[in-house]
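Residue indices begin at 1 and follow the sequence shown.
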Amino acid sequence: MIGAYCLLDSNMDSQMADETPRFMVDDALIQMGFGKFQAFVLLYAGFGWISEAMEMMLLSFVGPAVKEEWGLSSNQESLITTMVFVGMLIGAYSWGVISDNYGRRKGFLFPAMVTSVAGFLSAFAPNYVTLIILRCFVGMGLGGGPVMLSWFLEFVPAPKRGTWMVIFQGFWTVGTIMEASLAWIVMTRLGWRWLLALSAVPASFLLVFYFKTPESPRYLCTKGRKQDAVKVLEDIARVNGAELPHGILVSDSQQDEVNGLSSESSKPKSSCFRVQGVQSSLKLFSRHLLRSTLLIWVVFFGNAFAYYGLVLLTSELTGESSSCGGNQTKVAKSDAVNYKDVFITSFAELPGLLVAALMIDKVGRKLSMSSMFFLCSVFLFPLVFHQRGGITTALLFSCRACIMATETIVYIYCPEVYPTTVRTTGVGVASAVGRIGGMVCPLVAVSLVQGCHRVAAISLFEAVVLVSGVSVLLFPFETKGRELKDNIASL
């Protein structure tokens with residue numbers, strides 16, 4: 001009889017537990033909305049994005065100046081850019097693994113330290129070898145950029161995620177315009193060393209305000225730290241003047257267990273960083289993610305190749321007519337970089353962002369990206385033939401607007417595809433593949449222009465852009481309005 005009472009009591013407790021309201025992080029974020037708390041996260045992550053944009057943009061200014069001062073060859077000049085991308089290739093993967101296994105905050109603390117220190121020290125480089133080594137370390141720090149993006153994404157409510165992520169990408173454009181303005185002022189008066197030193201300042205600000213940054217509640221939830229996750233959500237509710245949903249917080253893993261699905265969290269995990277990195281990377285090739293992973297890699301490669309190529313071509317094509325003309329007259333030192341044209345084309349990113357903001361939540365990620373890639377190929381084609389300076393600048397302006405739109409959207413689509421357990425690893429590896437495109441671009445395409453092979457160079461850009469557009473059409477699914485997932489089993 002006593003056993004029957006115990007059994008009845010146990011069943012009643014179980015039934016009451018089942019009836020307890022549950023909510024997930026997405027539910028809480030949607031109910032609390034985007035408020036002051038997310039605004040702080042946006043500003044902090046945006047400052048990191050500004051820092052990365054400035055460090056990348058200065059490559060088009062420092063290379064020609066160092067080449068002139070130290071008498072470098074074209075290949076040595078290109079190697080300065082390539083070494084930055086080599087560092088980013090290493091950093092993007094490493095910081096992504098660290099972020100997925102040890103926390104988002106650690107994933108962007110160390111990159112900020114490396115970027116600010118190496119960036120400032122590179123201004124004092126006594127020789128070419130020291131400069132490229134330090135710029136490689138800067139690249140390693142810049143590889144942590146995708147962690148910032150994923151961290152901010154995990155605080156944004158799903159319904160307006162696309163719009164807010166476009167606004168976040170706007171900080172990149174602010175960084176490029178700031179760097180173009182800074183170069184226009186500094187390079188003609190103080191020289192490239194001052195530009196390197198001043199461009200390292202934004203990364204140092206990230207260290208000053210680091211102690212104020214919260215950990216991602218979604219990451220905490222997947223690691224079983226639900227009390228910490230609830231505390232962060234309570235802070236969001238307090239700052240935003242909102243309330244949390246009633247009930248208990250659960251992760252996708254727990255919901256999957258209720259639904260009878262397997263959970264990644266139940267699988268044993270190694271404490272070795274190298275093993276964790278391999279495990280995280282292998283998950284990208286699971287049957288749920290294989291197709292998305294490979295196609296995203298193609299798009300990231302093509303986007304980086306085209307974006308950085310267009311930045312570098314802005315200075316190359318404006319001086320190409322004088323260096324490749326019949327008299328073979330070389331460009332004068334003062335005309336090595338046309339700061340005005342670089343400054344003007346930097347503003348091309350603003351209409352690109354505007355187009356992305358208008359399209360991304362209305363027509364979806366896939367159609368927005370593919371249409372911009374194909375439109376870019378249309379603007380690229382006339383550059384196969386020699387054009388007047390004004391027309392060349394206008395075409396490059398239009399191309400860069402299109403590529404900025406595609407880059408903005410792919411950096412939103414990619415973290416939406418991957419679950420929390422491998423999100424920063426997935427974005428980091430994709431970004432690393434993109435860095436390969438950035439490495440190849442100055443060595444191949446820009447070198448072709450410098451060697452007076454204009455048709456071959458532009459044709460190569462056309463092919464890369466078109467292949468990227470087709471790859472977008474082959475993406476397996478659309479992510480517009482889709483909730484973020486915490487593990488692969490819930491995809």
**Prompt:** Is the closest side-chain heavy-atom distance between Leu58 and Glu55 below 4.5 Å?
**Reply:** yes
In short, Leu196 meets Ser122 closest at the heavy-atom pair CD1-O, 3.6 Å
Exercise. Do Gln169 and Thr408 have side-chain N/O donor and acceptor atoms under 3.5 Å apart?
Worked result: no
**Prompt:** Mind checking whether Leu142 and Pro111 have side chains closer than 4.5 Å, heavy atoms only?
**Reply:** no
Can you tell me if Trp95 uses its side chain to pair, donor with acceptor, with the backbone of Met140 under 3.5 Å?
yes
> Is Pro351 close to Phe397 at the side-chain level, that is, under 4.5 Å between some pair of heavy atoms?
Replying inline: yes
Show me the donor-acceptor pairs within less than 3.5 Å that the side chains of residues 293-306 make with the rest of the protein, sequence neighbours left out.
unit_1: Thr293; atom_1: OG1; unit_2: Leu284; atom_2: O; d: 2.8
unit_1: Thr293; atom_1: OG1; unit_2: Leu289; atom_2: O; d: 2.9
unit_1: Thr293; atom_1: OG1; unit_2: Tyr418; atom_2: OH; d: 2.9
unit_1: Asn303; atom_1: OD1; unit_2: Thr406; atom_2: OG1; d: 2.7
unit_1: Asn303; atom_1: OD1; unit_2: Glu407; atom_2: N; d: 3.4

Glu243, CD atom: more than 12 neighbouring heavy atoms under 6.0 Å
no
Heavy-atom side-chain contact between Thr130 and Leu134 under 4.5 Å: yes
Polar side-chain atom of Ser150 near backbone of Pro146 as donor-acceptor pair, under 3.5 Å:
yes
On a heavy-atom basis, the closest approach of Gly469 and Phe374 is C-CZ, 3.7 Å
- Do Ser431 side-chain atoms and Val427 backbone N/O form a donor-acceptor pair below 3.5 Å? no
Taken to the nearest 0.5 Å, the spacing of Ile50 CD1 from Phe205 CZ works out to 11.0 Å
Note to self: Taking the ring of Trp164 and the ring of Phe34, is the distance between their centroids below 6.0 Å?
What the structure shows: yes
Min side-chain heavy-atom separation Leu350-Leu354 under 4.5 Å: no
- Query: Are side-chain heavy atoms of Val467 and Val470 found at a separation under 4.5 Å?
  - Reply: no
Step by step, would you call Leu42 with Phe171 a side-chain contact (heavy atoms from CB on, under 4.5 Å)? CA-CA 10 Å; Leu42 171 63; Phe171 284 91; 3.7 Å; yes
Practice task
May I have the step-by-step check of side-chain contact (heavy atoms from CB on, under 4.5 Å) for Met372 and Val355, ending in yes or no?
Solution key: CA-CA 9 Å; Met372 287 297 101; Val355 170; 3.8 Å; yes
For Phe61 and Ala180 the tightest heavy-atom approach is CZ-CA, 4.0 Å
> Can you find a heavy atom in the side chain of Val201 that is under 4.5 Å from one in the side chain of Met54?
Replying inline: no
In this structure, is the centre-to-centre distance between the rings of Tyr411 and Trp49 below 6.0 Å?
yes
Does CZ in Phe120 sit with more than 12 non-hydrogen atoms of other residues, nucleotides or ligands closer than 6.0 Å? no
Exam field: side chain Gln38 to backbone Gly33, donor-acceptor pair closer than 3.5 Å: yes
In this structure, CD of Glu416 is separated from CE of Met165 (nearest 0.5 Å) by 7.5 Å
Checklist entry - If you count the non-hydrogen atoms of other residues, nucleotides and ligands that lie under 6.0 Å from CZ in Phe155, is the total more than 12? => result yes
Heavy atoms, side chains only, cut-off 4.5 Å: are Tyr307 and Arg400 in contact? yes
In terms of heavy-atom contacts, Gly119 and Arg135 come closest through CA-NH1, 4.1 Å
Residues Leu29 and Pro157: closest non-hydrogen pair is O-CG, 3.4 Å
Can a donor-acceptor pair be found, under 3.5 Å and without considering hydrogens, that links the side chain of Asn240 to the backbone of Lys36? yes
Shortest non-hydrogen pair, Thr115 vs Ala203, comes out as CG2-CB, 4.0 Å
So CD1 of Ile403 and CG of Leu375: to nearest 0.5 Å the spacing works out to 10.0 Å
Report task. Assess the pair Trp151 and Phe108: is the distance between their ring centroids shorter than 6.0 Å? Result -> yes
In this structure, CZ of Phe110 is separated from OG of Ser99 (nearest 0.5 Å) by 12.0 Å
The salt bridge (charged side-chain N to carboxylate O under 4.0 Å, His left out) partners of Arg238 (sequence neighbours excluded) come to Asp235
When rounded to the nearest 0.5 Å, the distance separating CG of Leu206 from CE of Met148 is 4.5 Å
**Steps toward side-chain contact (heavy atoms from CB on, under 4.5 Å) verdict (Cys402, Phe379)** = CA-CA 9 Å; Cys402 293; Phe379 290 126; 4.0 Å; yes
Problem - Lys366 side chain to Phe475 backbone, donor-acceptor under 3.5 Å - result: yes
Let me check something: any side-chain donor-acceptor pairs from residues 209-216 under 3.5 Å, sequence neighbours excluded? List them with distances.
unit_1: Tyr210; atom_1: OH; unit_2: Arg105; atom_2: O; d: 3.4
unit_1: Thr213; atom_1: OG1; unit_2: Arg105; atom_2: NE; d: 3.1
unit_1: Thr213; atom_1: OG1; unit_2: Arg105; atom_2: NH2; d: 3.4
unit_1: Thr213; atom_1: OG1; unit_2: Tyr210; atom_2: O; d: 2.6
unit_1: Glu215; atom_1: OE1; unit_2: Arg104; atom_2: N; d: 3.3
unit_1: Glu215; atom_1: OE2; unit_2: Arg104; atom_2: N; d: 3.1
unit_1: Ser216; atom_1: OG; unit_2: Glu154; atom_2: OE1; d: 2.5
unit_1: Ser216; atom_1: OG; unit_2: Arg218; atom_2: N; d: 3.3
unit_1: Ser216; atom_1: OG; unit_2: Tyr219; atom_2: N; d: 3.2

Checklist entry - Can a donor-acceptor pair be found between the side chains of Ser199 and Glu179 at a distance below 3.5 Å? => result yes
Rounded to the nearest 0.5 Å, the OG1 atom of Thr173 sits from the CG atom of Leu353 at a distance of 4.0 Å
Derivation of the side-chain contact (heavy atoms from CB on, under 4.5 Å) call for Met56 and Val84: CA-CA 8 Å; Met56 293 307 303; Val84 175; 4.1 Å; yes
